[in-house]
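Here is the naming used below: chain letters follow the sequence lines, and residue numbers restart at 1 for every chain.
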Amino acid sequence: MANFQKLTPRGEDYSKWYNELVVKADLAEQSAVRGCMVIKPYGYAIWEKIQAELDKRFKAQGVRNAYFPLLIPKSFLSREAEHVEGFAKECAVVTHHRLKNDPNGKGVIVDEDARLEEELIIRPTSETIIWSTYKNWISSYRDLPILCNQWCNVMRWEMRTRLFLRTAEFLWQEGHTAHATKEEAEDYARRMLDVYAEFAEKVMAIPVVKGVKSPNERFAGALNTYCIEAMMQDGKALQAGTSHFLGQNFAKSFDVKFLSKENQLEYVWATSWGVSTRLMGALIMTHSDDNGLVLPPNLAPTQVVIVPIYKKEDQLAALMEKLNPVADQLQALGIRVKVDTDDKYTPGYKFADYELKGVPVRLAMGGRDLENGTIEIARRDTMEKETVSIEGIVERIRTMLEDIQQNIYQKALDFRIANTREVNSYEEFKEEVKKGGFILAHWDGTPETEELIKAETKATIRCIPLADLPGHHSEPGTCMVTGKPSAGRVVFALSY
RNA sequence: CGGGUAGUAGUUCAGCCCGGUUAGAAUGCCUGCUUUGGGAGCAGGAGGUCGUGAGUUCGAAUCUCGCCUACCCGACCA
């Protein structure tokens, strides 16, 4: 079982807290391969909830799932100049297709005779293989739009990795759409951003800022990148999802044209959009505390755990007579409930363990409760517990789950608001940015200025917000560095 | 990828500097009894290719070199 050494507190070493929590809460662990993680059943159960909720939303937008190959011909990557520039440095390459026994010793070696004529790239993203395919699917405006998504793994040879936040291999979904008009594609990219934002806030209880990426931060090959940005408890920003308007870049690179209603041959317009297992990192760093994981009820694999406290079998039977109906009624309401009658661990152990795992609501019932007709109910987000009458407990739990979902969202939003501030001078900026949080400041819109700021402060423009942040109103001003005109404040932060 | 630190039982670590019986502790694990309302107690027990490969040596966890992995700092990161 998990050992019971306390987690390193967040205030002592945030990074260490995160690393320990991921492992101790049984979410994931390091594998034998550098930068590649094993997602454990509990962590994967949460990812499956994320997938299910997103997939439902994608399908409501007309998206259908498909699957494209893991391996991409090397030549495809180089078709779109900016795209290859963005990914070339972090690609894993398959060069051979056979091993053989080592003639001088033990084990196997690469068979040099089995060198591939054209090397294959393990996908870092699938635009190229998908657009080479779309070419065959599209000839008329009647074939459009194409709205495909795939759930898959991708690989980027990252120099520095962290479980969930940046791994060499990760799981994600990538949506790739093809449209007849620019407007339709742009709208679609925006609409998927809204889907992500709604999902993040309602399901994951993570408040996000919707915005546009600056040219420096834009996806390689995109004309425009939209994003949702979240603030972690250490004040750093984390990009939680992106949606790209790709223009006709990939259509031109892969020669994907269609005949319009007007009988004109035109290039197709494209979008792509994705979220990854990085969301697991966002989830952890938004809500969890020094006792362990805190899960939003909407994603918790177990929403309610019931712990009977007993000495002998007949006592357990008496308790279960009361608890089974509660569990059944919760289940009937669609609430994911677990009754833990395991007698191999003490109640105290179980309490601590379920807190570490982030189970939102815990019920406990013992001999005293049995006599009094009561039950103990504890909520993970506030760590409050009270003993209440067993009458009406089901309804109380139902509303408590909703309340927890709302409360952790509000708490995260309050935190973000408290750590978002406007700064007007570059001197002030340099001081403020060290303290973490989102800094709203004016920028002249040039990559040069952004690069200068990054070089001097490590802060980057997380996004140009699409709407005012709560309590702030963005107006035109002058760039804090150059004094040139600025259309409005942008969000700066240190980031993951 | 550069600089630094580390890798010994499932886990956290001691031992290494100064090479030499059978490699230790805590915790976890197993068995039994007693327990069970916040990570229980007692007794007994199992568990280690000392990351890996080479080298030095009569002898290597210990010294040397390569490699692998993790962590920290940089660089990089749609």
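When the ring pair (Phe, Tyr, Trp, His ring centres under 6.0 Å) test is applied to A:Y267, no partner is found at least two apart in sequence or on another chain. Judged as a ring pair (Phe, Tyr, Trp, His ring centres under 6.0 Å), and not counting sequence neighbours, the contacts of A:Y188 are A:H179.
Residue A:K385 places no side-chain atom within donor-acceptor reach of the base of B:rG37, judged by atom type and a 3.5 Å distance cut-off alone. With hydrogens and angles ignored, a donor-acceptor pair under 3.5 angstrom links the side chain of A:E355 to the base of B:rG38.
A:G366 comes within contact range of at least one nucleobase, with a heavy-atom separation under 4.0 Å. Nucleic acid contact class of A:R368 (heavy atoms, under 4.0 Å, all strands): base. Here A:S15 lies in heavy-atom contact (under 4.0 Å) with sugar-phosphate atoms only. Residue contacts shown for A:R166 include a base, since a base heavy atom lies under 4.0 Å away. Among the heavy atoms of the strands, none lies under 4.0 Å from A:R278. Residue contacts for A:Y18: at a heavy-atom cut-off of 4.0 Å it reaches no nucleic acid atom on any strand shown. As judged by a 4.0 angstrom heavy-atom cut-off over every strand, A:G241 is placed among residues making no nucleic acid contact. Nucleic acid contact class of A:T161 (heavy atoms, under 4.0 Å, all strands): sugar-phosphate only.
In this structure, a donor-acceptor pair under 3.5 Å is present between the side chains of A:T177 and A:T271.
Partner assigned to B:rC1 is B:rG74, using Watson-Crick or G-U wobble distances below 3.5 angstrom. Nucleotide B:rU12: paired with B:rA25 (Watson-Crick or G-U wobble, both distances less than 3.5 Å). Pairing for B:rC42 is with B:rG32, a Watson-Crick or G-U wobble pair whose two hydrogen-bonding atom distances lie under 3.5 Å. Searching all strands for a Watson-Crick or G-U wobble partner of B:rC17 with both distances below 3.5 Å returns nothing. Nucleotide B:rC65 is matched to B:rG53 when pairs are restricted to Watson-Crick or G-U wobble geometry with both distances under 3.5 angstrom. In this structure, B:rA60 forms no base pair with any nucleotide, since neither Watson-Crick nor G-U wobble geometry is met with both distances under 3.5 Å.
Closest heavy-atom contact between A:N291 and A:L7: C-CD1, 4.0 Å.
Listed nucleotides: B:rG38, B:rC77, B:rA70. Nearest to the side chain of A:E90: B:rC77.
In this structure, the side chain of A:R123 engages the main chain of A:P69 through a donor-acceptor pair within 3.5 Å.
Distances shown here put every side-chain N or O of A:K89 at or beyond 4.0 Å from the OP1 or OP2 atom of B:rA75. An OP1 or OP2 oxygen of B:rC73 is reached within less than 4.0 angstrom by a side-chain nitrogen or oxygen of A:R160.
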Letter per nucleotide, 5' to 3', of nucleotides 31-36 of chain B [B base touched, S only sugar-phosphate touched, - untouched; heavy atoms, 4.0 Å]: -----B
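In this structure, A:H176 has its ring center at least 6.0 angstrom away from the ring center of A:F250.
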